[in-house]
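First the structure, in the form of structure tokens, and then the observations on it.
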Amino acid sequence: MIQIRREQPEDEAAVRQVNEAAFGRPAEADLVDALRRRDVVTLSLVAERGGEVVGHILFTPVTITNENGGVVTAVGLGPLAVSPHSQREGIGAQLTQTGIEMLWQAGHEILIVLGHPEYYPRFGFASASRFGIRWEIEVPDEAFMVMALKPGALDGVTGIVRYQPEFNGV
């Protein structure tokens, strides 16, 4: 049975291991460590089975700046990682759904993700370009998505999304 819970300090090594294994490289694990060090984590959840951390999801603050310099705060999802031996069991979906629910309960209004265009729409994400929202880095339109956690949260919101600077190194 999978338990989804907030990451604890004693989970750091296991979270690093899950991210390295899931992505096959250390970049995402280094990113998580750097964001944690700078204390710019909105929410960090782990999936645990039998005392072993088998999944991790991270949410961090992002901004959306419009052409007039107005800034809207939002939350960025990523990275999402599941240990290779536990993939295709719905663990990533459980992490994502729990994270969305917790962010909604905490009063966050907008969620952004750069991810697989066939995976994230099931949670309510849609192409950000439909709303006049884009990332500061050139990415395929269908992979950059947004979700309103509160009805009307995206009304009139347009502009460029900026993640924490640590994301530039990934």
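Along the sequence shown, the residues carry numbers beginning at 1. Everything numeric in this text was worked out from a predicted model, so none of it was measured.
- By the 4.0 Å N-to-carboxylate-O rule, Arg16 lies too far from Glu12 to be salt-bridged with it.
- Residue-environment remark: CD (Gln87) exceeds the threshold of 12 foreign heavy atoms within 6.0 Å.
- Atom CG of Asn19 sits about 11.0 Å away from atom CZ of Arg25, to the nearest 0.5 Å.
- Atom-to-atom distance recorded for Met145:CE and Phe123:CZ is 10.5 Å, nearest 0.5 angstrom.
- In this structure, Thr63 OG1 and Ile112 CD1 are separated by 10.0 Å, a value rounded to the nearest 0.5 Å.
- The existence of a salt bridge linking Arg37 and Asp30 is excluded, since no basic side-chain nitrogen approaches an acidic carboxylate oxygen closer than 4.0 Å.
- Legend: salt bridge (charged side-chain N to carboxylate O under 4.0 Å, His left out) pairs involving residues 109-135, not counting sequence neighbours, sorted by first then second residue: Glu109-Lys150.
- Crowding of Glu10 atom CD: a count of heavy atoms from other residues, nucleotides or ligands under 6.0 Å exceeding 12.
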May I have the list of side-chain donor-acceptor pairs in residues 152-165 shorter than 3.5 Å, sequence neighbours left out?
from	atom 1	to	atom 2	distance (Å)
Gln164	OE1	Arg38	NH2	2.6
Gln164	NE2	Pro61	O	2.9

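- For the residue pair Glu101/Gln105, the side-chain donor-acceptor check at 3.5 Å is satisfied.
- In this structure, CD on Glu138 lies 11.5 Å from CZ on Phe144, to the nearest 0.5 angstrom.
- Between the side chains of Ser44 and His56, at least one donor N or O sits under 3.5 Å from an acceptor N or O.
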